[in-house]
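Protein chains get the first letters and strands the later ones, always in sequence-line order, with residue 1 at the start of each.
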2 protein chains.
Amino acid sequence: MPNRTVFFVSDGTGITAETFGNAILAQFETPMRRVRLPFLDSVDKAHQAVRQINHTAEIEGKRPLVFTTVVNEEVLAVFKTHCQGRMMDMFDTFVQPIEEELGIKSNHRVGRFSDVTRSKEYHDRIEAINFSLAHDDGQSNTDLESSDVILVGVSRSGKTPTSLYLAMQHGLKASNYPLIPEDFERRKLPPALLPHRKKIFGLTIAPERLSEIRNERRPNSRYASLQNCRMEVAEAEAMMRREGIRWLSTTTKSIEEIATTILQELRPERLEY
Amino acid sequence: MPNRTVFFVSDGTGITAETFGNAILAQFETPMRRVRLPFLDSVDKAHQAVRQINHTAEIEGKRPLVFTTVVNEEVLAVFKTHCQGRMMDMFDTFVQPIEEELGIKSNHRVGRFSDVTRSKEYHDRIEAINFSLAHDDGQSNTDLESSDVILVGVSRSGKTPTSLYLAMQHGLKASNYPLIPEDFERRKLPPALLPHRKKIFGLTIAPERLSEIRNERRPNSRYASLQNCRMEVAEAEAMMRREGIRWLSTTTKSIEEIATTILQELRPERLEY
């Protein structure tokens, strides 16, 4: 039973308000109900949102937490005047100190995504997604030289979600290649990858976890058996060591953590922009 | 020429610090160099990062902005004592007021992603990514009943990136189906979709923009010609109107905005959790 409601309020998508609020709320054990209220870009919508928040306050007998990234001043005024929630205003809090530091005024622009669709950065993200889709699971050997990163690892070690995340969030053309029994028998990387060794990053995983994951797909198969998973993981790690490939274990890491680690290792310049 | 350097500093991935900082910096026109410094989880690494920041301050003759979400108190102490940047500390600023509001202490836990890999939410995200990959571009009619959302639209209207984003960020099983000339001739939705009409959401796009996008792929083709794009878009919009399908134009919307709009329309409960 959640003992408090939290609202994420924005005149854009609310993604920033939500990220911001959730990072802070991760510091508290108490269960909460979370509600995102996006696109509040008019006074009318602001009043409607405030009614919803105040209604929740009455019903629950506790004032909700309200994380906001509202930029529109008229919308914000409605909240400041009428909202009974406990407001945590990211912009109000930080924009003014930065204005002082930089000696310039802010422009009160809504949303970091406005008009991005025609930017080169956005275009590159979309291109990277298409590239990574076409180069998922070793589907294509063509155009590997334009890959930014080539992930390798045994089946179900986390290559596909990581590739797509790198493409979607960082605009990286990420291909991925499974390491399969034939590769282990040959004791060599898939031949198509050899010219691109510097871009290769390996993913490994604890055999016990791999077996669990594979068992969801193909219960009681040889493919999913702990014995087979142990063998494949040992072979894959031996190969990566032999070939001098950097690698990490995905066992307890989220996609976000895996992606950030890969960027740090392989494309540190992507952490600067 | 950037006139200020900004650091995003974290003992986790730094994604929250970066989102938080960039949302605020979007309010300023001035060009800045941005550097993410992730995984600062020891006093040693903190000192190294502080040296880098202070070095930048000296070279540029201006103190850098430093957005932090550092939770580890020893790491934070290094920054507070030695860092010459202008610190913007998200946690310091907001955690204490929330402790007061809730009447409980925070737990100083690092990162919202810690140990998430075994959570149901994380598991569902990975499953959703695999589902959406398997159901991209009408590849599979099987298991459509477990789709949360089915996107339809002409080729290159934005279905694939939106599906993958819905899966990755919201754990939604999103399929997508192209609307093609055969569908327009039959004046009917693809037959496999008919039982799932309530889950369908349409994407459309301005013919001029579509023609630009298609021309990058297949320059000077009939497929990319403005005339053909006009015809396809008109047919697709007419079909969506006829079939009572909700839709939006992706022309100037980012993936994030499209996804949030779809959630609001089709799965508003996904904005509450």
Side-chain angles (χ1 to χ4, degrees), chain A residues 4 12-16 19-20 22-24 26-30 33-36 38-39 65 69 71 86 88 90-91 93-95 97-98 101-102 104 106-109 111-113 115-117 122 126 129-130 133 136 160-161 164-165 168 251-254 256-257 260-261 264 271-273, chain B residues 4 12-16 19-20 22-24 26-30 33-36 38-39 65 69 71 86 88 90-91 93-95 97-98 101-102 104 106-109 111-113 115-117 122 126 129-130 133 136 160-161 164-165 168 251-257 260 264 271-273:
Chain A
R4 191 74 67 134
T13 61
I15 292 169
T16 301
T19 307
F20 153 59
N22 276 331
I24 291 166
Q27 301 306 310
F28 297 90
E29 301 285 356
T30 183
R33 185 171 74 103
R34 291 157 159 86
V35 183
R36 174 148 49 120
F39 302 130
L65 302 180
T69 54
V71 175
R86 174 71 167 85
M88 308 273 162
M90 204 167 97
F91 284 166
T93 309
F94 290 106
V95 167
I98 296 178
E101 181 66 32
L102 299 180
I104 52 175
S106 66
N107 58 20
H108 295 280
R109 204 169 53 171
R112 65 181 179 117
F113 301 117
D115 306 310
V116 297
T117 57
Y122 188 78
I126 302 292
I129 293 170
N130 290 323
L133 268 177
D136 182 41
T160 294
L164 292 173
Y165 185 88
M168 191 167 293
T251 313
T252 60
K253 285 195 167 64
S254 66
E256 287 82 354
E257 289 167 323
T260 300
T261 305
Q264 254 190 329
L271 293 169
E272 291 194 26
Y273 53 104
Chain B
R4 192 74 69 133
T13 60
I15 292 168
T16 301
T19 308
F20 152 60
N22 276 331
I24 291 167
Q27 300 308 308
F28 296 91
E29 302 283 355
T30 183
R33 185 171 73 103
R34 292 155 158 87
V35 183
R36 171 147 53 117
F39 301 131
L65 302 180
T69 54
V71 175
R86 175 71 167 85
M88 309 273 162
M90 203 169 100
F91 284 168
T93 309
F94 290 106
V95 168
I98 296 178
E101 180 66 32
L102 299 179
I104 52 176
S106 66
N107 57 21
H108 294 279
R109 205 169 50 172
R112 66 179 180 119
F113 301 116
D115 305 310
V116 297
T117 57
Y122 188 79
I126 302 293
I129 293 169
N130 289 323
L133 267 177
D136 181 41
T160 293
L164 292 172
Y165 186 88
M168 192 167 292
T251 313
T252 60
K253 284 195 167 65
S254 67
I255 305 174
E256 288 81 355
E257 290 167 323
T260 301
Q264 255 190 327
L271 293 169
E272 292 193 25
Y273 53 104

Pairwise distance [atom1]([X]) to [atom2]([Y]) - rounded to 0.5 angstrom:
X: A:Asn22; Y: B:Tyr273; atom1: CG; atom2: OH; result: 4.0 Å
X: A:Glu257; Y: B:Ile15; atom1: CD; atom2: CD1; result: 8.5 Å
X: A:Thr13; Y: B:Gln264; atom1: OG1; atom2: CD; result: 10.5 Å

Practice item. Check side-chain contact (heavy atoms from CB on, under 4.5 Å) between A:Thr30 and all other residues, then give those that pass, not counting sequence neighbours. Key: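 So A:Thr30 forms a side-chain contact (heavy atoms from CB on, under 4.5 Å) with A:Asn3, A:Phe28, A:Met32, B:Leu102, B:Ile104.
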
Taking side chain as everything from C-beta outward and backbone as N, CA, C, O, which of these in [X] sits under 4.5 Å from a heavy atom of chain A? Side chain, backbone, both or neither.
X: B:Phe20; result: both
X: B:Met168; result: side chain
X: B:Phe39; result: side chain
X: B:Ile126; result: side chain
X: B:Thr160; result: side chain
X: B:Ile129; result: side chain
X: B:Ile255; result: both

Could you look at [X] and say if it's the side chain, the backbone, both or neither that has a heavy atom under 4.5 Å from chain B?
X: A:Ile24; result: both
X: A:Arg86; result: side chain
X: A:Thr261; result: both

Review point. In chain order, what residues pass the salt bridge (charged side-chain N to carboxylate O under 4.0 Å, His left out) check against B:Arg4, with sequence neighbours excluded?
Key: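 Salt bridge (charged side-chain N to carboxylate O under 4.0 Å, His left out) list for B:Arg4, sorted by chain: A:Glu101.
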
Exercise for review: With side chain to side chain contact (heavy atoms under 4.5 Å, CB included) as the test, would you mind laying out the steps for B:Gln27 and A:Ile98 before giving the verdict?
Suggested key: CA-CA 10 Å; B:Gln27 300 308 308; A:Ile98 296 178; over 6 Å; no

**Study point:** Contact winner vs chain A - B:Thr260, B:Asp136, B:Leu164, B:Thr93, heavy-atom pairs under 4.5 Å
**Key:**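 With the most close heavy-atom pairs to chain A, the winner is B:Thr260.
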
Review point. For the residue pair B:Lys253 and A:Tyr122, what are the closest heavy atoms and their distance?
Key: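 What the structure gives for the nearest pair is O-OH, 3.8 Å.
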
Check your understanding: Would you say the side chain of A:Leu133 lies within less than 4.5 Å of the side chain of B:Leu133, judging by non-hydrogen atoms?
Key ->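 Sidechains of A:Leu133 and B:Leu133: in contact.
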
